[in-house]
Amino acid sequence: MNSDLFGYTPPLTPFKDIRNQRDSVAEEKAVLCARLNAMLRRAPRSIASASVQATRNWQAAHKTAKKVLEDKRASVQQLASAINSMERFE
């Protein structure tokens, strides 16, 4: 213990541990990745008979969502945003 010239020792504060939150985040990210992966495997039926412009919009959204899915450091919000952008076409 550290004490000063007069014998004063600072009070010990009890150690407070923060619960580990990474497991729940990892589970949520895994669920979002699985959902996004399922959406990226097939083109929605609305795109099969859509205009050229709508098809190009879907291709751009698909490319962006695929980049997010392949990024190992993607956040939950990025994954959710990619899912929302792909849901627009269904």
Side-chain angles (χ1 to χ4, degrees):
M1 288 192 190
N2 293 337
S3 62
D4 63 1
L5 178 64
F6 304 105
Y8 173 76
T9 57
L12 294 175
T13 55
F15 178 73
K16 288 186 179 179
D17 191 17
I18 300 173
R19 71 176 185 86
N20 189 358
Q21 297 178 352
R22 293 182 186 261
D23 291 340
S24 61
V25 173
E27 285 179 26
E28 186 177 0
K29 284 174 82 171
V31 168
L32 291 174
C33 283
R35 185 171 170 200
L36 184 58
N37 192 23
M39 294 175 96
L40 292 178
R41 287 181 184 226
R42 290 189 172 187
R45 291 184 184 190
S46 63
I47 296 300
S49 61
S51 66
V52 173
Q53 187 66 31
T55 305
R56 288 181 180 166
N57 289 339
W58 177 81
Q59 285 178 334
H62 185 275
K63 183 178 179 182
T64 305
K66 190 172 181 182
K67 276 187 179 180
V68 171
L69 182 63
E70 292 173 350
D71 184 13
K72 294 182 191 255
R73 302 177 114 199
S75 68
V76 173
Q77 291 143 347
Q78 289 173 324
L79 290 167
S81 175
I83 289 172
N84 289 339
S85 70
M86 293 307 292
E87 282 179 342
R88 287 185 318 168
F89 298 101
E90 290 185 2

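Computed from heavy atoms alone, side chains included, the values below leave out hydrogens, waters and symmetry copies.
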Quiz item: Taking only residues two or more places apart in sequence, or in another chain, which ones meet Thr64 in a side-chain contact (heavy atoms from CB on, under 4.5 Å)?
Solution: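 Here no residue qualifies.
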
Quiz prompt | Partners passing side-chain contact (heavy atoms from CB on, under 4.5 Å) against Val31 (at least two apart in sequence or in another chain) | solution = none

Write out all pairs satisfying salt bridge (charged side-chain N to carboxylate O under 4.0 Å, His left out) with one or both partners inside [range], taking only residues at least two apart or from two chains.
range          : value
residues 58-67 : none
residues 40-55 : none
residues 78-90 : Arg35-Glu87

Could you measure the distance from the [atom1] atom of [X] to the [atom2] atom of [Y]? Nearest 0.5 Å is fine.
X     : Y     : atom1 : atom2 : value
Met86 : Leu40 : CE    : CG    : 5.0 Å
Ile83 : Leu69 : CD1   : CG    : 9.0 Å
Leu32 : Ser81 : CG    : OG    : 11.5 Å
Ser24 : Lys29 : OG    : NZ    : 11.5 Å
Ser85 : His62 : OG    : NE2   : 10.5 Å

Please output the side-chain donor-acceptor pairs of residues 48-60 that fall under 3.5 Å, not counting sequence neighbours, one pair per line with the distance.
unit_1 : atom_1 : unit_2 : atom_2 : d
Ser51  : OG     : Ala54  : N      : 3.3
Thr55  : OG1    : Ser51  : O      : 2.9
Asn57  : ND2    : Gln53  : O      : 3.4

Practice problem: Provide the closest heavy-atom pair for Ala65 versus Leu36 in the form atom of the first, atom of the second, distance. | Solution: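 Between these two residues, the closest heavy atoms are O-CD2, 3.8 Å.
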
